[in-house]
Participant: 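Take this structure first; my questions come after.
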Amino acid sequence: MKAVIFDLDGVITDTAELHFLAWKRIAEQLHIPFDRDFNERLKGISREESLERILDHGGLSATYSKSAKRDLLVMKNQYYQKLIDNITPRDLLPGIGRLLCELEKERIKIALASASRNAPSILKRLDLINVFDVIVDPASLKKGKPDPEIFLAAAGHLGVSPVDCAGIEDAEAGIASIKSAGMFAVGVGNERAMHEADLSVRQTSDLSFDLLYEGWKRRMER
Ligand code: BG6
Ligand code: MG
């Protein structure tokens, strides 16, 4: 295992909850039903695709023009940015700071594969921007998760072969992306969404270098 590639939202910090709150506010304005169950389908998915899924869910996709959709996307991001404004290094999910230190000590490369265009500003607020060897720019990609492109791009920029990488995700689409990139897939949280993962843990505090490395090795021996 030469590199670990992280998702951001819901893995490094709990911004998955903030995306949920911002989308919920938009859905309520549009009178579209929106709950945590439906929100699971948006995890790991781009801002544009998320809006499409919400409008589809309300049977309203054809009702909104391109420019009206653009306005909704701007509004969602404004709500979201207000919520992330308060993020500090204390908002790191439990165990993530320790895991990053362990990886650095073991000289394992660290990359970020997040669909979020807000990722760099969140990493700065968490005081983590210098910890990452590579941060993939999602704007540079053709396809979003579950396509493997984002994880393959991370491995490519790191100069590490995909089989030597582990990816950590909290979303079904993210696990699918890691798996089709040919990497070792580690799922966090929601067990139902994580059934395709090679290894899954209930919470970030369960993650450690030893756990990842042992799991990765076992998979290589299979
Ligand atoms: C993903 C989140 O990481 O980023 C999605 O799981 C989000 O919920 C997507 O829609 C895009 O984020 P942003 O910050 O560019 O709107
Ligand atoms: Mg996520």
Side-chain angles (χ1 to χ4, degrees), residues 4-27 34-57 69-87 91-93 96 111-126 128 132 135-141 143-151 153-154 166-179 181 185-194 196-197 200-204 207:
V4 175
I5 306 172
F6 287 80
D7 173 44
L8 173 71
D9 299 314
V11 171
I12 290 176
T13 185
D14 199 16
T15 35
E17 179 67 15
L18 307 183
H19 280 295
F20 166 72
L21 294 174
W23 280 129
K24 187 162 172 283
R25 206 167 150 190
I26 294 285
F34 192 84
D35 57 20
R36 285 182 186 276
D37 229 32
F38 179 75
N39 184 61
E40 285 300 310
R41 288 190 239 166
L42 306 183
K43 287 188 177 172
I45 304 299
S46 74
R47 199 180 306 163
E48 290 73 12
E49 178 63 22
S50 297
L51 178 64
E52 285 302 327
R53 289 188 185 192
I54 292 168
L55 292 174
D56 264 356
H57 184 59
K69 286 181 187 175
R70 219 173 303 127
D71 292 346
L72 290 170
L73 290 169
V74 169
M75 205 190 300
K76 188 273 175 175
N77 201 41
Q78 282 169 350
Y79 293 158
Y80 181 66
Q81 286 184 335
K82 239 195 201 129
L83 296 170
I84 60 173
D85 232 14
N86 301 321
I87 290 180
D91 292 306
L92 221 57
L93 278 168
I96 293 295
L112 191 82
S114 168
S116 173
R117 301 200 289 278
N118 289 294
S121 85
I122 293 171
L123 289 185
K124 274 184 208 138
R125 283 174 209 283
L126 292 170
L128 281 187
F132 287 81
I135 297 170
V136 178
D137 176 8
S140 70
L141 307 171
K143 291 182 177 169
K145 300 171 189 177
D147 191 274
E149 189 180 6
I150 191 164
F151 280 92
I168 310 181
E169 266 285 352
D170 70 323
E172 204 171 350
I175 293 292
S177 175
I178 299 171
K179 294 288 293 179
V186 182
V188 180
N190 193 322
E191 271 172 50
R192 195 157 38 109
M194 293 299 123
E196 296 288 341
S200 68
V201 295
R202 286 192 82 100
Q203 56 222 355
T204 52
L207 294 166

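Computed from a prediction, not measured in an experiment: that's the story for all the values here. All ligand and atom numbering here is 1-based and tracks the order in the structure. Heads up: numbering here begins at 1 and tracks the sequence.
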Participant: Provide the closest heavy-atom pair for Thr15 versus Ile84 in the form atom of the first, atom of the second, distance.
Facilitator: CG2-CG2, 3.9 Å
Participant: Looking at Asp7, which of its N, O or S atoms is the nearest one to the Mg ion (ligand 2)?
Facilitator: OD2
Participant: Using a cut-off of 6.0 Å, state whether more than 12 heavy atoms not belonging to Lys69 lie near its atom NZ.
Facilitator: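 Enclosed: over 12 neighbouring heavy atoms sit under 6.0 Å from NZ of Lys69.
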Participant: At less than 4.0 angstrom from any non-hydrogen atom of Leu42, what atoms of ligand 1 do you find?
Facilitator: 5 (C), 8 (O)
Participant: Considering both backbone and side-chain atoms of Tyr80, is one of its nitrogen or oxygen atoms within less than 3.5 Å of a nitrogen or oxygen in ligand 1?
Facilitator: no
Participant: Which ligand 1 atoms, with their elements, are less than 4.0 angstrom from a heavy-atom of Ser116?
Facilitator: 4 (O), 11 (C), 12 (O), 13 (P), 14 (O), 15 (O)
Participant: By number and element, which atoms of ligand 1 are closer than 4.0 Å to a non-hydrogen atom of Ile45?
Facilitator: 5 (C), 7 (C), 9 (C), 10 (O)
Participant: Run Glu40 and Arg36 through salt bridge (charged side-chain N to carboxylate O under 4.0 Å, His left out) and show every step you take.
Facilitator: CA-CA 6 Å; Glu40 285 300 310; Arg36 285 182 186 276; over 6 Å; no
Participant: Do any nitrogen or oxygen atoms of Arg47 lie less than 3.5 angstrom from nitrogen or oxygen atoms of ligand 1?
Facilitator: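 Yes, at least one N or O pair falls under 3.5 Å.
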Participant: Going by the order shown, which atoms of ligand 1 are within less than 4.0 Å of some heavy atom of Gly44?
Facilitator: 2 (C), 5 (C), 6 (O)
Participant: Could you list the atoms of ligand 1 found under 4.0 angstrom from a heavy atom of Ser50?
Facilitator: 10 (O)
Participant: Provide, to 0.1 Å, the distance between atom 2 (C) of ligand 1 and the closest protein heavy atom, together with that atom's residue and name.
Facilitator: Asp9 OD2, 3.3 Å
Participant: State the atoms of ligand 1, each with its element, that fall below the 4.0 Å cut-off from a heavy-atom position in Ser114.
Facilitator: 3 (O)
Participant: Between Leu8 and ligand 1, find which residue part has any heavy-atom pair under 4.0 Å and reply side chain, backbone, both or neither.
Facilitator: neither
Participant: So, the side chain of Thr13 versus the backbone of Asp91: is there a donor-acceptor pair under 3.5 Å, distance only?
Facilitator: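 Yes, Thr13 side chain to Asp91 backbone: donor-acceptor pair under 3.5 Å.
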Participant: If you count the atoms of ligand 1 from 1 in the order shown, which ones are under 4.0 Å from a heavy atom of Asn118?
Facilitator: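 Those qualifying, in numeric order: 13 (P), 14 (O).
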Participant: Check the pair His19, Lys76 against side-chain hydrogen bond (donor to acceptor under 3.5 Å, both in side chains), reporting the backbone distance first and the verdict last.
Facilitator: CA-CA 9 Å; His19 280 295; Lys76 188 273 175 175; 2.8 Å; yes
Participant: For the residue pair Ile168 and Val4, what are the closest heavy atoms and their distance?
Facilitator: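 Closest pair (atom of Ile168, atom of Val4, distance): CD1-CG1, 3.8 Å.
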Participant: What's the shortest heavy-atom distance between Ala154 and Ala111, and which atoms?
Facilitator: CB-CB, 4.1 Å
Participant: Do the rings of Phe6 and Phe132 sit parallel, tilted or perpendicular, given the 30° and 60° boundaries?
Facilitator: perpendicular
Participant: I'd like to check which ligand 1 atoms, numbered from 1 as shown, lie under 4.0 Å from a non-hydrogen atom of Arg117.
Facilitator: 13 (P), 14 (O), 15 (O)
Participant: If you apply the rule salt bridge (charged side-chain N to carboxylate O under 4.0 Å, His left out), what do you find for Glu172 with Lys145, and how did you get there?
Facilitator: CA-CA 9 Å; Glu172 204 171 350; Lys145 300 171 189 177; over 6 Å; no
Participant: Answer yes or no: does an N/O atom from Lys43 fall short of 3.5 Å to an N/O atom of ligand 1?
Facilitator: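 No.
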Participant: If I take every N, O or S atom of Asp9, is at least one of them less than 2.8 Å from the Mg ion (ligand 2)?
Facilitator: yes
Participant: Looking only at non-hydrogen atoms, find the nearest pair between Gly10 and Asp170 and report the distance.
Facilitator: CA-OD2, 3.5 Å
Participant: Taking just the N, O or S atoms of Asp170, which one is nearest to the Mg ion (ligand 2)?
Facilitator: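 Atom name returned: OD1.
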